[in-house]
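Here the structure comes first, spelled out in structure tokens, and everything after it is commentary.
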Amino acid sequence: MSAPTRRHEPVRPAAPPARVVVRAVVGRIGFYAFVAVAGLFFAVPMLWLVLAPFDATPGLAAEIPSSVTLDNFRAVLENPFALRSLWNSLLLSVITTLLIIAAAALSAYALSRVRIPGRDLMLYVLLLFSAVVTGTAAMVPIFRLVFELGLINRHVGVVLVLAGGLLPAGVFILKDFMDGLPRSYEESALVAGASSFQVLRDIVTPVVRPGLAVIGVWALVQVWGDFLVPFILLRDPNLSPAAVVMFNFYTEGGTANIPLLAAFSLLYTLPVVALYLFVNRRYGFRFYGGIKS
Amino acid sequence: MRTTDQAGDVEGGEPVPDDAEPSDEAQDRAGGATILGRITASGFIAPAAGLIGIFLIFPALWTLYLGLTDVRLTGAAAADPQFVGLDNYTAALQDSLFWNALVVTLIFVLGSAIVGQTVLGFTLAWVLRGWRSRTRQVIEVLVILAWIMPGSVVAFLWIAFLDGRDGTLNAMLPFVTDTEWLLENPLTSIIVFNTWRGTAFAMLLFGAAINSIPPSHLETARLAGASGWQQLRDVVLPRIRGHLLTALLLLSMWTFNLFTPYLLTQGGPNFETEILPIYVFREAFNFGRLGYGAAISAIMLLINLLIALFYIHVLRERNS
């Protein structure tokens, strides 16, 4: 920001006073000290995740492995719950995400094109409210509701609860994308005899694809990491997603199986990291919609 | 925000009354009706409205009713709960562990959301602004990864990091110690953990806000001899107040309802990290007192409402 403009400064003082130089030097030192400390603060707790999975004798400390091995990943293959839980996580996140994309696209389009009094205030209140309710404040009624519907111990219960909780934000973000589209194409298509659904599918959807990608990636990451909802609604460990199985690995009695924990943590985390790096490279990671871009 | 119709749109997170520009509405109706009929529109909205209504709004309302009953997880009171009036609420007010959970939650929100994430997030955004370097990218990626990695993985990373005997933190400290951080300083530990976990949101939000300030304004201030601190106070802060309030509101509400500390400490030792969500979980699912848990949930919803109203009040005051 300031670097390029500095070049256009017309006049530059020949020798700045010593006080200014000292202040600049101290400022630089403070800058690098802060950068170093902040970098360490965020990096060091993650080191274990990178080192321990390949350590022949992994412990709780983040250490350079004395001998590198892939044996720890065999522990994942041999554990009866590990791979199955990753599959469960994949199933839950993909289905929930598809449901959210479909429902959010339909309603965001309708809300964007038809004026309903109080629409935006209502959406905003729902958005705030959803962050609260799906968190924890409604765990008791959600459990009772899913119980009454006979969906305890079934993946579909988790999918519906998470979709309901994440949808307001999805609609909010997508509506913002749709508001920005010119209506002339849609009007022409309608004049040419297309149905409203065809207009949405063939004209609007291709244009708002970045918006669909944003809420899709966001929903995937949310569901992939979610712990509380499956923890409450699924009793059978064979149905549990990786979030719950991971927690069980380190809290259930006996000594923790560190090789298993290390390798499983890495396998469970990698998809999110890969997805993030992909999105970051392709689109740049920034704010859309409600939170000013 | 890229919007074509201005009335009622939420700019920078500020709710504006919908009837602000009636002429716009008439114009909108004329344009909108040709694209999508009322009935088709209702059909499009129905799936999302149904899911949100059944799995989001209904549970929140139902918790108010369940809180007035003695419904339990198992047994006779599970099948046929009785109406007990305000018994659950009076029991809560007399339970010292409820008050403990409330105080722990407030300290947790104040320490990790309002102080930790907001201050660290803003500092990172301000200090790193306009610095074109690999190091900056690496730091930003690390901060964001801490935010998006699965909760149960980051919880275990911190259990390992803070371990007394083998933990990396103790190994890094210049003096020899075997402090069991999660047992001896549990609340501080989860506050630092949650600061680490959630700073990304504030950093990204403030980064976007600072970028939206025209560079010429900062440049003018700099040429006029303003120090970094003066630029911050006189140019930047007045312009990002809306973002600051948005960040504070969202972070307070998210943190108030956060369950992740359970993955580190399960509320222990001796209830020192038992925030309200963990208290509700323990009462409802470990002790089976669903009705009591629902009553506490209702109190939590009320507190959330107060946070939101306080925020809207501050925004209105600023606007008028």
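Lettering of chains follows the sequences in order, A, B, ..., and the numbering in each one begins at 1.
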Side chain, backbone, both or neither: which part of [X] has an atom under 4.5 Å from a heavy atom of chain B?
X: A:Ser195; answer: neither
X: A:Ala243; answer: both
X: A:Phe231; answer: side chain
X: A:Ile232; answer: side chain
X: A:Leu275; answer: neither
X: A:Leu123; answer: neither
X: A:Val199; answer: neither
X: A:Leu149; answer: side chain
X: A:Leu261; answer: side chain
X: A:Val221; answer: side chain

Using non-hydrogen atoms and a 4.5 Å limit, figure out which bit of [X] sits close to chain A: side chain, backbone, both or neither.
X: B:Phe256; result: neither
X: B:Leu73; result: side chain
X: B:Ser42; result: neither
X: B:Ile299; result: neither
X: B:Tyr262; result: both
X: B:Ala171; result: neither
X: B:Val71; result: side chain
X: B:Thr135; result: side chain
X: B:Leu145; result: both

Determine whether [X] and [Y] make a side-chain contact, defined as any pair of heavy atoms from C-beta on separated by less than 4.5 Å.
X: B:Ser152; Y: A:Tyr268; value: yes
X: A:Met46; Y: B:Trp196; value: yes
X: A:Leu160; Y: B:Leu51; value: yes

Please report the interatomic distance [atom1]([X]) to [atom2]([Y]), rounded to the nearest 0.5 Å.
X: B:Phe161; Y: A:Leu60; atom1: CZ; atom2: CG; answer: 12.5 Å
X: B:Leu290; Y: A:Met139; atom1: CG; atom2: CE; answer: 11.0 Å
X: A:Leu145; Y: B:Phe55; atom1: CG; atom2: CZ; answer: 5.5 Å
X: A:Arg113; Y: B:Thr40; atom1: CZ; atom2: OG1; answer: 14.5 Å
X: A:Ser196; Y: B:Ile39; atom1: OG; atom2: CD1; answer: 11.0 Å

Parallel, tilted or perpendicular: which fits the ring planes of [X] and [Y], with parallel below 30° and perpendicular above 60°?
X: A:Tyr109; Y: B:Phe44; answer: tilted
X: B:Trp158; Y: A:Phe41; answer: perpendicular
X: B:Trp131; Y: A:Tyr32; answer: perpendicular

Residue from A:Phe197, A:Trp224, A:Trp48, A:Phe31 scoring the most non-hydrogen pairs under 4.5 Å with chain B is A:Phe31

Taking every heavy atom of A:Ser107 against every heavy atom of B:Ile45, the minimum-distance pair comes out as CB-CA, 3.8 Å

Is it true that A:Phe247 and B:Phe156 have ring centroids separated by less than 6.0 Å?
no

So, do B:Phe285 and A:Phe143 have ring centers that fall under 6.0 Å from each other?
yes

